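Below: one structure, written as structure tokens.
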Amino acid sequence: MFFRRSRSRLVMSRDENMAPPRPSAYRKSLGRDKGKDSLYLVSSEARQMKEQEKDQMKKLNNRLVNYVDKVHDLEMMNRFLTAENEKLKKLNKTEDVDVSAIYDDELKRLREKVEELQTKNAELEIEKDNLQYELEDVVVKLDTVKEENKDLEKEVKSLSKDVDDATIERVSLEAKIENLQEALQLEKQVHEAEMENLRRQVAPVEAPVLQAEQSSILPDLNDAIQKVRKQYEAFNAKSIEDLDNFYKEKVESLTKQLKAANDDIRDLRSDNSEKRKVIHQLEMELEALRQKNDGLERNQDGLEDRHAREIAEYQEQVEKMRSDLDGAKQDIGKYLKDYQDLNSLKLSLEQEIAIYNKILMGEEHRIAVIDTKTLVLANDSKRSSRSSSKSSSRASSRSSSSARSTSDIVEEMLEKDSPPKEPSTGVISVSWKVKGGTVRPIKPFHPLGDAELLHKAMKGIGTDEEAISEILTKRTKAQRLVIAKHYEEKYKKELLKELESELSGNFLSVVQHLMWRKSVLDARALRKAIKGFGTDEAVLIEILCTQSSKDIEDIKRDYYEVFERDLTKDIESETSGVFKKFLVAIMKANRPADSGTVVSNLADEDAKALFEMGVKQWSPSNDRFLEIFTQRSYQHLWYLFKQSWPKLTTVDLIETVEKECPKDLVRGLKTLIRFSTCIPPLYYAIQINETMAGKGTEEKQLTYIVTTRSEIDLIDVKEEYERVFGVKVEKRVEDETSGKYKKILLDLLN
């Protein structure tokens with residue numbers, strides 16, 4: 001602003017103070033007579049011109065002094081700022097520090113810490129969910145045990161009634177036994193009384209001795225009585241024995257029933273006591289689990305509060321650092337702008353000083369010439385009026401030409417001193433949202449249970465492929481690795497080797513893709529493409545031209561770990577020419593990651609450079625070509641080919657590449673251009689369609705795309721496929737594949 005104001009003042013002073021052009025002395029002398037008047041006229045005009053030029057030079061000298069003072073002040077200010085800067089450096093005892101780099105590193109560290117805390121929080125969430133489900137299982141078990149306890153109590157109550165009834169019956173039976181014993185005792189007494197009576201009746205009676213005649217006449221009854229007595233005694237003994245046996249059997253049967261009832265009561269009491277112990281133990285375990293759950297919830301609440309506070313503090317620190325960084329950037333920009341303004345002003349003033357020095361030197365020379373001519377005209381009074389008019393016209397023309405040259409020089413200086421326009425560097429946002437993959441982390445996650453189910457599916461004769469597909473397609477790759485770890489710890493075998501021994505065909509290929517890391521898959525595919533006779537260039541191009549720098553570094557690392565070979569050296573040995581140079585440049589992994597923004601001016605410059613280079617001259621031997629195609633992000637290339645290139649030409653770029661590029665580069669450039677100009681879901685939707693187009697299906701490529709995109713953007717790939725081709729990808733896969741391979745692909749797609 002200061003410079004512009006000084007420039008305007010300079011222009012105004014030039015317009016207001018500069019004398020109008022002097023009329024030609026030659027034209028004024030045309031109508032005068034020849035003689036002495038002509039000499040006087042020339043001398044007065046020369047004197048007037050000299051006075052006007054002296055006034056003009058005085059003003060110019062004053063302005064020059066002002067500019068010199070300003071330059072001096074600016075130099076002093078510049079020296080003062082330099083001294084202050086050096087003083088601050090000495091006080092801080094540090095060299096120039098890149099503040100933005102420090103803030104970027106700190107922000108990166110804080111972001112990593114926040115991500116780490118978020119990961120820990122997610123793990124705690126998983127652990128909490130697992131404990132919650134375990135608690136629910138325990139509560140369900142407790143409810144079941146309580147129901148069983150209630151059933152047992154009811155059974156005990158019913159059995160206690162039975163025991164009471166048995167006791168009552170036992171008491172009644174004992175009373176009956178006592179009554180029977182009393183009756184038996186009474187019967188014995190009666191029997192003894194009857195026997196006593198019979199004995200008395202049978203006892204011999206002293207009868208008078210009859211005469212011989214009479215004894216011979218009466219019958220002998222003693223023998224009959226003895227027989228009857230014996231028969232009665234035998235019958236009585238048998239009856240008593242039968243009665244004793246009957247009551248003995250009755251008492252024994254009742255005793256056995258009583259003993260059995262007592263045993264049942266004892267068993268029921270022991271079972272009841274054991275179940276009470278189990279119930280008490282379960283109640284204690286439930287109480288312990290409740291306390292543990294309460295403790296875990298409290299710990300979780302404390303951790304969440306602490307993490308929330310830490311995250312809030314980190315966010316405050318980040319915001320503070322961002323504000324400090326913005327302030328520092330603004331200060332730096334302001335200081336830089338001031339410095340640039342001062343520097344440009346200094347340079348412009350130096351240019352003006354040089355110009356005015358030249359002007360002063362030219363004016364002094366011109367004034368000396370005019371003085372010499374006026375002296376010659378004064379001494380030579382006899383010179384003709386024509387010669388004097390010619391000389392005065394020459395002086396006048398010189399003066400006017402000198403004045404014009406001064407004006408032109410000042411105008412040129414002012415035009416040069418005008419500040420250049422700084423090109424605007426437009427930053428364009430280039431990003432797209434994705435809905436994600438079809439495979440999400442399962443909650444709650446029980447890796448040991450999954451390992452047991454997989455072992456059960458492979459155990460014995462035959463293999464349960466449906467169970468294997470159900471588990472592996474519903475877990476993420478990280479969860480599958482955890483399952484494999486638990487499987488190896490429990491069964492001392494590697495899960496992948498067991499699966500490979502039980503499965504085969506395309507189904508096994510899908511399972512391997514699900515278990516291997518993506519970098520391992522790419523490394524194996526590259527090794528297969530390189531190994532043997534010939535090289536599968538399509539595989540090399542498809543993998544290397546669609547990977548980020550981080551993915552390429554991971555592939556090189558896993559390639560070395562699996563095969564103990566250097567991938568770059570293998571590619572150099574198996575390829576040749578411009579194709580080798582192109583792939584080796586990509587293998588350097590210098591492509592920046594997509595940041596969501598693109599500098600449009602840089603993309604326009606790259607497009608212009610490629611256009612001026614000419615598609616025929618696109619070659620890895622050209623450093624500019626390699627820089628654009630291997631050191632620019634995919635989003636930058638998207639803007640270059642979709643926005644910048646159409647501004648330069650309307651010819652289709654792919655067709656131009658096919659016609660004019662070297663044949664070894666055509667496929668690689670087409671893949672790179674197609675991948676960068678399509679969003680990833682659309683690109684892979686087109687790739688899936690190509691695998692199923694025509695006769696047959698490229699199962700390897702189809703398996704690779706479905707498995708690798710299942711956790712990234714397979715939902716978006718499905719939507720793009722249906723939008724572009726008008727049919728669902730599940731329907732195409734179902735029509736083009738079969739068997740268990742179709743089942744596992746549909747599980748991943750759904």
Side-chain angles (χ1 to χ4, degrees), residues 522 525-549 551-552 555-556 566-592 602-678 683 686-687 690 698 701:
D522 294 334
L526 290 172
R527 181 59 185 164
K528 188 175 181 181
I530 294 172
K531 188 178 179 182
F533 181 76
T535 304
D536 192 347
E537 296 181 355
V539 175
L540 297 179
I541 292 170
E542 185 63 35
I543 293 176
L544 297 179
C545 292
T546 59
Q547 306 292 331
S548 64
S549 296
D551 294 336
I552 291 176
I555 292 170
K556 292 195 291 186
D566 185 82
L567 178 58
T568 305
K569 292 182 179 178
D570 285 349
I571 290 176
E572 289 178 348
S573 62
E574 295 295 331
T575 57
S576 60
V578 294
F579 183 64
K580 178 176 75 172
K581 292 181 180 179
F582 185 64
L583 293 183
V584 170
I586 292 176
M587 289 299 296
K588 293 179 180 179
N590 292 327
R591 189 184 305 280
L602 181 58
D604 293 338
E605 291 177 2
D606 290 343
K608 186 176 180 181
L610 290 175
F611 183 76
E612 292 176 352
M613 192 185 306
V615 179
K616 289 184 179 180
Q617 303 300 323
W618 287 5
S619 173
S621 58
N622 191 320
D623 294 337
R624 182 67 169 158
F625 168 83
L626 278 185
E627 180 184 0
I628 295 172
F629 277 92
T630 64
Q631 298 180 22
R632 298 287 189 268
S633 67
Y634 289 114
Q635 291 177 347
H636 179 91
L637 295 178
W638 177 88
Y639 189 88
L640 190 155
F641 295 126
K642 297 289 284 186
Q643 302 294 328
S644 302
W645 187 264
K647 297 177 184 177
L648 303 174
T649 178
T650 58
V651 180
D652 185 74
L653 181 59
I654 298 294
E655 294 179 358
T656 307
V657 168
E658 289 178 347
K659 293 178 182 178
E660 300 183 6
C661 263
K663 293 183 179 180
D664 295 339
L665 282 179
V666 169
R667 187 159 188 171
L669 292 178
K670 286 171 61 179
T671 301
L672 189 56
I673 293 170
R674 285 175 177 171
F675 182 77
S676 59
T677 53
C678 295
Y683 177 80
I686 296 172
Q687 291 293 103
E690 290 180 356
E698 296 181 10
Q701 183 70 2

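What you are looking at is a predicted structure, and each value in this text was computed from that prediction instead of being measured.
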Sequence neighbours excluded, the answer for side chain to side chain donor-acceptor pair (under 3.5 Å) partners of Gln547 is Lys518
Would the number of heavy atoms belonging to other residues, nucleotides or ligands and lying under 6.0 Å from NZ of Lys647 be above 12? yes
Got a sec, which pairs hit ring-ring contact (aromatic ring centres under 6.0 Å, His included) with one end in residues 648-673, sequence neighbours left out? none
All side chain to side chain donor-acceptor pair (under 3.5 Å) counterparts of Gln635, not counting sequence neighbours: none
For Lys670, salt bridge (Lys or Arg N to Asp or Glu O under 4.0 Å) partners two or more places apart: Glu658
Least distance between heavy atoms, Leu669 atom then Cys661 atom: CD1-SG, 3.5 Å
Please identify each residue that fulfils salt bridge (Lys or Arg N to Asp or Glu O under 4.0 Å) with Asp604, with sequence neighbours left out. none
Here the gap from Tyr639 atom OH to Ser633 atom OG, rounded to the nearest 0.5 Å, amounts to 13.0 Å
Taking atom NZ of Lys556 and atom OG1 of Thr568, what is their separation to the nearest 0.5 Å? 4.5 Å
Just verifying a value: how many Å separate Ile552 CD1 and Thr546 OG1, rounded to the nearest 0.5 Å? 8.5 Å
How far does CG of Leu640 sit from CD of Glu605, to the nearest 0.5 angstrom? 11.0 Å
Does any non-hydrogen side-chain atom of Ile530 lie less than 4.5 Å from one of Val539? no
Find the distance between CZ (Arg667) and SG (Cys545) and round it off to the nearest 0.5 Å. 10.5 Å
With under 30° as parallel and over 60° as perpendicular, where do the rings of Phe611 and Trp645 fit, or are they tilted in between? perpendicular
side-chain contact (heavy atoms from CB on, under 4.5 Å) with Arg591: which residues, sequence neighbours excluded? Ser549, Tyr634, Leu637, Leu672
Of all residues at least two apart in sequence or in a different chain, which pass the side chain to side chain donor-acceptor pair (under 3.5 Å) check with Ser619? Ser621
Straight-line distance of Ile543 CD1 to Ile586 CD1, nearest 0.5 Å: 12.5 Å
Applying side chain to side chain donor-acceptor pair (under 3.5 Å) to Thr650 and not counting sequence neighbours gives none
State, yes or no, whether a side-chain contact exists between Thr630 and Lys588 at a heavy-atom distance under 4.5 Å. no
For Thr649 and Val651, work out which heavy atoms get closest and say how close. OG1-N, 3.2 Å
Going through the checks in order, is the side chain to side chain contact (heavy atoms under 4.5 Å, CB included) test met by His636 and Leu602? CA-CA 9 Å; His636 179 91; Leu602 181 58; 3.8 Å; yes
Check side-chain contact (heavy atoms from CB on, under 4.5 Å) between Cys678 and all other residues, then give those that pass, not counting sequence neighbours. Leu682, Tyr683
Is there side-chain contact between Leu567 and Met587, with heavy atoms separated by less than 4.5 Å? yes
Lys659: partners by side-chain contact (heavy atoms from CB on, under 4.5 Å), with sequence neighbours left out: none
Is there a side-chain contact between Gln701 and Glu542 (heavy atoms, below 4.5 Å)? yes
Leu610 backbone acceptor or donor facing Trp618 side chain under 3.5 Å: yes
Assess the residue pair Arg624 and Glu627 against the criterion (salt bridge (charged side-chain N to carboxylate O under 4.0 Å, His left out)); give the C-alpha distance rounded to whole Å, side-chain angles, the decisive distance to 0.1 Å, and a yes or no. CA-CA 5 Å; Arg624 182 67 169 158; Glu627 180 184 0; 3.6 Å; yes
Residues two or more places apart in sequence or in another chain: which of them pass side-chain contact (heavy atoms from CB on, under 4.5 Å) with Trp638? Val430, Lys642, Gln643
Neighbour count >12 (heavy atoms, 6.0 Å) for atom CZ, Arg632: yes
Apply side chain to side chain contact (heavy atoms under 4.5 Å, CB included) to residues Asp522 and Leu544 and explain how you reach the verdict. CA-CA 9 Å; Asp522 294 334; Leu544 297 179; over 6 Å; no
Anything under 3.5 Å between a donor and an acceptor, one on a side chain of residues 571-585, the other on a protein residue two or more places apart or in another chain? List them.
{"residue": "Ser573", "atom": "OG", "partner": "Lys569", "partner atom": "O", "Å": "3.2"}
{"residue": "Ser573", "atom": "OG", "partner": "Asp570", "partner atom": "O", "Å": "2.8"}
{"residue": "Thr575", "atom": "OG1", "partner": "Ile571", "partner atom": "O", "Å": "2.5"}

